[in-house]
Every structure is written in structure tokens, then in C-alpha cells.
Amino acid sequence: MIPVTKPFLPKEEEFREYLDSIWERQWLTNNGPLLNDLELKLKEYLDIKHLLYVCNGTFALQLAIRALQLTGEVITTPFSYVATTSSIVWEGCKPVYVDIDPETFNIDPSKIEAAITSHTSAILATHVYGNPCDIDAIQKIADKYGLKVIYDGAHCFGTKYRNRSVFEYGDISTTSFHATKLFHTIEGGAVFTKDPDLLKKMLYMRNFGHNGPETFEGLGVNGKNCEFHAAMGLCNLKHVDQILEKRKELSLHYFERLENVKATFPKLNRDKDYNYAYFPVLFESETLRQKCMVKLELAKIYCRRYFSPSLATLPYVNHTDVPICDDVVKKIVCLPLYHTLTLPDLDLICRIIQRTQNYELAAPAEKKDFGLQIADKIETEINELLPKKDSLS
Ligand SMILES: *Cc1c(COP(=O)(O)O)cnc(C)c1O
């Protein structure tokens with residue numbers, strides 16, 4: 001079985017060392033030494049002044065919205081994971097969708113101004129697949145209209161924008177350290193800001209508002225994380241450069257092998273160092289995307305439609321016309337990408353896609369004559385590979 005992603009796991013001994021230290025101290029949560037160490041090491045690694053480690057990436061978004069005291073309408077992208085929208089609604093604001101750029105799949109800044117009303121308080125945009133938004137254009141609009149900017153950087157660990165961590169941009173940036181992300185702490189997330197007042201506010205908010213054992217600074221809930229998750233983070237941080245390197249290598253192989261496939265890939269922001277967090281493919285048609293997925297599943301290769309559905313179609317939002325997003329949602333799929341994906345497996349994925357396309361694009365007469373032959377060939381190839389795959393996993 002080849003899944004779309006596999007969580008990175010360090011050697012058990014590495015994790016056990018941290019567990020032993022937890023048992024020794026019997027300090028499990030509430031700002032323990034491992035959590036402090038992880039925050040420190042993350043700041044070093046990302047070369048960033050401030051961050052707060054929290055329980056997950058969705059809470060990070062909620063915390064950002066709360067800390068900025070957003071109200072009314074928040075302009076956002078329809079092309080992201082559901083948490084980008086659900087956190088806006090959960091915090092009592094109304095998401096207003098702006099269509100995406102057809103080449104980067106990030107929110108299209110040229111369409112933001114038309115969506116601004118007297119109720120707009122902020123822009124919440126996702127750096128989709130770890131590829132930075134047009135940060136300058138978004139900031140210019142925010143400055144002009146006095147709006148706050150939050151970036152959902154859940155895919156961005158390791159991405160740099162103009163030689164700085166992309167987490168430095170916006171009033172607040174957030175990220176997720178969920179097990180499926182490039183760098184993870186099983187569950188976890190973080191908020192980033194350069195504003196010391198905002199930082200202080202979020203620091204109290206993540207811990208019930210406590211500023212002493214029996215005193216409170218303000219309203220807060222439980223958004224903190226624990227020693228066990230911090231331990232996983234400390235282990236994984238030691239391997240993250242190698243994970244980034246491997247994903248890049250695999251992605252470059254994909255590009256090469258898919259050269260003749262009628263598909264496009266997101267256009268990367270030229271000011272960035274990309275982290276290759278995902279390998280999205282935008283097929284020429286919805287049919288081709290569907291057929292490729294079916295053929296891949298026959299070979300027990302499971303891709304994921306990041307992102308489907310369009311968030312502008314969720315049952316609890318005002319449905320909005322976002323034609324580019326709707327089109328992309330139909331045609332896009334993320335191919336398997338993880339540190340232990342092998343080149344033979346990657347080649348197989350690409351061959352299946354290539355052949356499915358060749359068959360789809362063959363003239364009707366050709367299809368009739370040769371179609372079965374080609375289809376058979378794919379099936380044979382898949383069948384040959386199946387037993388081998390099982391013994392591998
Ligand atoms: C994963 C993800 C989140 C949510 O993060 P969790 O840590 O799972 O809560 C939010 N936004 C995007 C874009 C994501 O991919």
C-alpha cells in the first residue's frame with residue numbers, strides 16, 4: 001500500500017530517552033522543560049524571535065482571530081483545509097470568499113478589494129502547499145483599508161520568503177504540527193507574531209488567562225501542549241533537514257517522470273525557498289483525474305484530493321461563486337510524497353498516470369484496436385507489482 005503520506009517517526013530509542021526523562025521528573029504538562037526546549041529550538045531553527053507552541057493548528061487559528069479581536073467579515077480563500085474556514089465561523093466571524101489565482105492556487109489579491117465592505121476586519125489566507133501567497137500585494141491592501149492579516153501556514157515548515165521564515169509575515173502567522181505535516185509533534189501547532197503585546201496576550205489566552213496561580217490577566221482557555229508531544233518535536237527536529245532534502249529529491253523525480261503528462265503544477269512564488277510539502281498535480285480534465293485515481297487505487301496507491309470540496313460550498317457558509325477554485329477542485333490531486341517513498345514506487349505511480357492518459361487521449365479507432373491491449377498492460381503491470389508491494393509493507 002502506498003498512502004498519500006506517512007508520518008515521520010524517529011527511532012524508538014530516541015523517543016524513549018525523552019520518555020525516561022519525563023518519568024524521572026514526573027512533569028507531564030504545564031510549560032515543562034521539554035516544551036520550553038522545543039520552543040527555543042524551533043525559534044533557533046526558524047531564526048524567528050517569537051512563537052508559542054499550542055495544542056494544534058486549528059486552535060492556533062482560533063487564537064489568532066481572538067487575539068486580534070476580529071469581528072464581522074473575514075476575507076479568506078475557498079481553497080484550503082476546512083479548519084481555515086471553520087475557525088473563522090467558530091470565532092463568530094463570517095468568511096467571505098475571494099477566488100484563487102489559477103497558477104498558484106493561493107488567494108488572488110487582485111480580487112480582494114472588490115470583496116471589502118464596511119464590516120471587513122481581516123484577511124485570512126493560506127500559503128497553499130507551502131507556496132507563499134503574494135504577501136506584498138496582500139499587505140498593501142490591508143494597509144490601505146486598515147485590515148489585519150493572518151496567514152495559515154500549516155504547510156509551511158521550512159519555507160522561506162525572501163530569506164526569512166514565511167512565518168514572519170502578517171500580523172499573526174499560524175502553523176500545524178499534526179502527524180501528517182512535514183514537521184510534526186503528533187498533535188500541535190504554533191502562532192507567530194512580531195508584536196510583543198499580541199504575543200503576551202496569546203501567551204495568557206493559551207493558559208486560561210493565568211498570570212499567577214490565583215490571578216488572571218484576562219479571558220483564556222486551554223490551548224497548551226504537553227511534554228510528550230514536545231518530546232516528539234525535539235526528536236523530529238533533528239531529522240527535519242533530511243526530510244526536507246528527501247522531499248525535494250522525490251519531487252524533482254516526479255517532475256521529470258511526469259514530463260509528458262498533460263497536467264500542470266502550481267507556479268511557485270519566485271521569492272521563496274520551497275519546502276516541497278506536497279506534490280499536487282492539476283490534470284487537464286476532471287475525467288483524467290478521476291481515471292488516474294481509480295487506476296492508482298487498483299494498485300493500492302492512494303492519493304488525496306487536497307482540497308475538496310471548495311470551502312465556499314460548506315453547509316454553514318454563504319455559498320459564493322468562485323469559478324477558478326471550483327475548476328481546480330475538480331482536477332487536482334496530491335500524489336504520494338513522504339521520506340520513505342522509493343523511486344521504483346514513484347516510477348510506478350508515474351507510469352500508471354502516463355498510461356491512463358495515453359489511453360484516454362488515444363483516437364477512438366486506436367482505442368478500439370489497442371485500447372484493451374493498453375488497459376491490459378496496465379492491469380498486468382499492476383498485478384505483477386501487487387504481491388511484491390505486500391511483502392514490502
Ligand atoms: C492541517 C491544517 C490545519 C489544521 O491543523 P491541525 O493541527 O490539524 O488542527 C489548518 N489549516 C491547514 C491549511 C491545514 O492543512
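Values below: all heavy atoms of this structure, side chains included; hydrogens, waters and symmetry mates excluded. For ligands, and for the atoms within them, numbers begin at 1 and follow the listed sequence. Residue numbers run from 1 in the order of the sequence given.
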Item to check | Short side-chain to backbone donor-acceptor contact, E217 and N211, under 3.5 Å | outcome: no

Checklist entry - For R304, what residues pass the salt bridge (Lys or Arg N to Asp or Glu O under 4.0 Å) criterion, not counting sequence neighbours? => result none

Next on the checklist: Could you check whether K238 pairs with E14 (Lys NZ or Arg NE/NH1/NH2 to Asp/Glu carboxylate O, under 4.0 Å)?
Outcome noted: no

Next on the checklist: Quick test of your reading of the model: are K331 and D327 salt-bridged, counting only N-O distances below 4.0 Å?
Outcome noted: yes

Checklist outcome for this item: Less than 4.0 Å from some atom of ligand 1, heavy atoms are found in residues N56, G57, T58, S80, Y81, A83, T84, T126, D152, A154, H155, S176, H178, K181, G188

Checklist entry - When the aromatic ring centroids of F105 and H155 are compared, is their separation below 6.0 Å? => result no

Next on the checklist: So that I can tick it off, tell me whether K267 and E103 are bridged by a salt bridge, with the cut-off set at under 4.0 angstrom between side-chain N and carboxylate O.
Outcome noted: yes

